[in-house]
Amino acid sequence: MAGSFSRRNFVQRAAAGGALAGLGDFGFLSKLKPLAAAETKLPAGSVQFRPEIEPVVRLLEETPRESLLEEVGARIRHGLDYRDLLAALLLAGIRNVEPRPSVGFKFHAVLVVNSAHVASMSSPADHRWLPIFWAIDHFKAAQHEEQERKSPPYTMPAVDESKLPTAGKARKAFIAAMDAWDEAPADAAAAALARTAGTAGAFELLFRYGCRDFRSIGHKAIYTSNSWRTLACIGPEHAEPIVRSLAYAMLNREGDRPNDDAPADRPIKLNRELAAMFPADWRDGKLDDAATAEMLDALRTGSDEDACKLVAELLGRGIAPQSVWDALFVGAGELLMRQPGIVALHAVTSTNALHFAFETAADDETRRLLLLQNAAFLPLFRAAMTRRGKIADGRLDQLEANPADSAADAPQVIESIFSDVGGDSAMAARKVLGFLEAGGDPQQFIDAARLLVFLKGTNAHDYKFSSAILEDFYRVSPNWRNRYLASSVFNLRGSKSRDNALVQRTRTALKA
């Protein structure tokens with residue numbers, strides 16, 4: 001029966017066939033309880049975090065990589081809890097890893113924290129620590145890269161309290177500094193904004209600046225949404241350094257001089273005009289699959305300007321924004337199918353981030369801009385892919401399903417899918433669609449996909465991508481979501497991939 005399938009069954013079945021042999025049971029992960037750490041002092045001039053979390057951050061910063069997992073495991077056994085460890089991991093990344101020269105590369109140590117958290121929260125208790133331990137090890141690799149890059153290595157500085165605007169002027173000062181791309185005033189205003197406007201007030205502005213330009217292929221928007229989501233777990237008391245880090249990242253111009261005619265800056269100018277043209281009841285339209293198909297065609301062949309103008313037109317015709325979002329999700333997945341790789345996967349992860357911001361922002365104009373900017377970004381992703389090489393023909397809405405023997409044979413079908421992933425991903429996509437169209441439970445596929453990322457993932461994109469596309473399945477309308485999920489196999493881990501070494505280290509660290 002399909003209902004009998006579970007993550008543990010999948011591991012056991014795969015292990016019996018050799019694909020996951022040697023990993024055994026994950027019960028060791030479910031025995032963990034929360035930690036407390038001793039006070040330490042920071043070097044002068046560095047930002048210092050709240051006293052209850054600073055010692056845990058220092059633990060991550062100062063323990064050598066080769067012994068850090070074991071040290072953290074010991075602290076967990078003596079009481080360090082998940083929430084404090086997650087907070088320390090994010091803050092350690094912010095303090096030690098600079099979002100320059102691009103908001104990416106080594107800075108994925110920060111960007112991936114929420115993705116690891118999403119993976120943890122979407123997993124059973126006996127797997128939940130694996131993504132976090134992976135992210136801890138990834139932070140140490142990035143910290144080492146930062147230290148090798150320049151001397152002295154980057155450290156987030158303490159706030160210059162003498163430069164902070166007053167509470168009543170913080171918002172205006174922040175906007176002025178961000179619009180001028182002026183880093184020092186923006187940092188001071190960001191700190192004041194976090195203290196006076198609260199997390200929600202600060203992020204209302206950050207959501208808008210996170211989608212302002214296309215530099216770093218969507219990472220600015222990704223960082224904004226992921227930071228908000230992590231703060232929801234670790235608590236708003238940690239917001240100030242995160243808001244400062246976000247402002248610094250958003251002002252990264254990658255050697256470019258921002259202006260209205262630069263390709264990365266051009267869409268926002270038009271979209272501010274288009275946003276003002278939305279009807280007052282633009283969120284109350286009707287779902288329309290034909291409109292989604294029309295939007296998909298524009299994303300395939302049109303320019304960023306064409307796509308944005310069509311969004312405004314569709315909403316003016318009374319089409320629901322959900323139908324536009326369906327096209328953006330499926331369009332991003334289709335780009336991945338046509339040219340699997342680093343650029344296309346960011347079309348998926350940035351769409352995830354922009355949609356989250358769209359759903360979270362309270363300001364109506366900000367929501368309009370987020371939708372329009374996402375529509376602009378996908379043709380820009382397509383153009384960037386063209387510069388890397390040929391983009392294959394293919395339409396996700398025309399993908400042919402490979403008939404599943406029976407949805408009741410879920411374990412066998414899913415094992416067959418993941419055996420193809422990485423070797424014949426096109427066939428794996430057809431099998432996913434066939435399984436779902438036969439009535440298979442998508443959650444069974446999602447559970448297996450997450451587990452294989454835990455077992456075989458080796459880089460931040462494994463976590464960023466899987467967390468984004470697997471949760472967004474449920475945000476796509478039913479008529480489109482099966483095809484969207486089928487596209488995921490073009491960047492998931494297959495069962496034939498080599499196992500990573502961190503699972504065994506984590507098991508040893510937590511059992512010791």
Side-chain angles (χ1 to χ4, degrees), residues 90 103-104 107-123 131-132 134-135 138 207 210-211 216-230 232-233 325-337 339-360 370-371 373-375 377-378 381 396 421 425 429 432 442-443 445-454 457-477 480-493:
L90 180 60
V103 188
F107 198 68
H108 277 99
V110 175
L111 298 173
V112 79
V113 171
N114 179 70
S115 301
H117 170 59
V118 169
S120 291
M121 292 301 95
S122 302
S123 304
I132 300 304
W134 182 89
H138 189 65
F207 283 138
C211 74
S216 297
I217 57 172
H219 281 126
K220 295 181 181 183
I222 292 166
Y223 186 21
T224 308
S225 290
N226 283 5
S227 297
W228 170 271
R229 297 178 69 175
T230 308
C233 175
W325 279 113
D326 287 339
L328 299 178
F329 281 122
V330 174
E334 185 174 283
L335 287 176
L336 186 70
M337 179 181 75
Q339 190 192 82
I342 195 69
V343 177
L345 76 85
H346 283 98
V348 173
T349 54
S350 62
T351 297
N352 166 266
L354 290 162
H355 182 265
F356 175 83
F358 174 87
E359 290 292 313
T360 305
L370 287 159
L371 177 60
Q373 286 293 91
N374 203 152
F377 283 8
L378 292 187
F381 275 114
L396 196 50
V421 170
S425 293
V432 172
Q443 193 60 47
F445 171 85
I446 289 170
D447 291 344
R450 287 195 192 281
L451 180 58
L452 282 166
V453 169
F454 297 171
T458 59
N459 64 73
H461 295 111
D462 288 323
Y463 280 94
K464 281 177 56 195
F465 172 79
S466 61
S467 290
I469 200 165
L470 297 178
E471 72 174 4
D472 282 342
F473 168 78
Y474 292 104
R475 296 185 175 124
V476 180
S477 296
W480 295 95
R481 62 174 53 147
N482 289 350
R483 293 180 180 276
Y484 179 67
L485 190 60
S487 73
S488 68
V489 299
F490 289 93
N491 200 69
L492 288 174
R493 288 286 175 172

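FYI, the numbering just counts along the sequence from 1. All values reported here derive from a predicted model rather than from experimental measurement. Note: hydrogens, waters and symmetry copies are ignored here, and every other heavy atom, side chains too, is used.
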Rounded to the nearest 0.5 Å, what separates atom [atom1] in [X] from atom [atom2] in [Y]?
| X | Y | atom1 | atom2 | value |
| --- | --- | --- | --- | --- |
| Gln443 | Leu470 | CD | CG | 9.0 Å |
| Asn352 | Arg475 | CG | CZ | 6.0 Å |
| Asn114 | Tyr463 | CG | OH | 14.0 Å |
| Phe490 | Ile469 | CZ | CD1 | 10.5 Å |
| Arg450 | Ser123 | CZ | OG | 6.0 Å |
| Thr230 | Leu90 | OG1 | CG | 5.5 Å |

Between [X] (side chain) and [Y] (backbone), is there a donor-acceptor pair under 3.5 Å?
| X | Y | answer |
| --- | --- | --- |
| Ser350 | Gly218 | no |
| Ser425 | Val421 | no |
| Asp462 | Asn459 | yes |
| Arg483 | Leu396 | yes |

Output all residues satisfying ring-ring contact (aromatic ring centres under 6.0 Å, His included) with [X], sequence neighbours left out; order by chain, then residue number.
| X | answer |
| --- | --- |
| Phe454 | none |
| His138 | Trp134 |
| His117 | Tyr82 |
| Phe329 | His355, Tyr484 |

Would you call [X] and [Y] a side-chain contact if the rule is heavy atoms closer than 4.5 Å?
| X | Y | result |
| --- | --- | --- |
| Leu485 | Pro442 | yes |
| Leu492 | Ser466 | yes |
| Val489 | Phe445 | yes |
| His108 | Leu111 | yes |
| Leu328 | Phe377 | no |
| Phe381 | Leu345 | no |

If you take all heavy atoms of [X] and [Y], which pair is closest and at what distance?
| X | Y | answer |
| --- | --- | --- |
| Asn226 | Ser115 | ND2-OG, 3.9 Å |
| Gly210 | Thr224 | CA-OG1, 3.8 Å |
| Asn482 | Phe473 | OD1-CE1, 3.8 Å |
| Ser225 | Ala353 | OG-O, 2.8 Å |
| Val348 | Gly333 | CG2-N, 4.2 Å |
| Leu378 | Ala347 | CD2-CB, 3.9 Å |

Students often mix this up, so state it plainly: with edges at 30° and 60°, are the rings of His461 and His219 parallel, tilted or perpendicular?
tilted

Pairs involving residues 347-359, ordered by first then second residue, that meet salt bridge (charged side-chain N to carboxylate O under 4.0 Å, His left out) (sequence neighbours left out):
none

Test of ring centre spacing under 6.0 Å for Phe358 and Phe207
no

By side chain to side chain donor-acceptor pair (under 3.5 Å), Thr351 pairs with (sequence neighbours left out) Asn374

Would you call Glu471-Arg481 a salt bridge at under 4.0 Å N-O?
no

Thr360 and Arg229 side chains, donor-acceptor separation under 3.5 Å
no

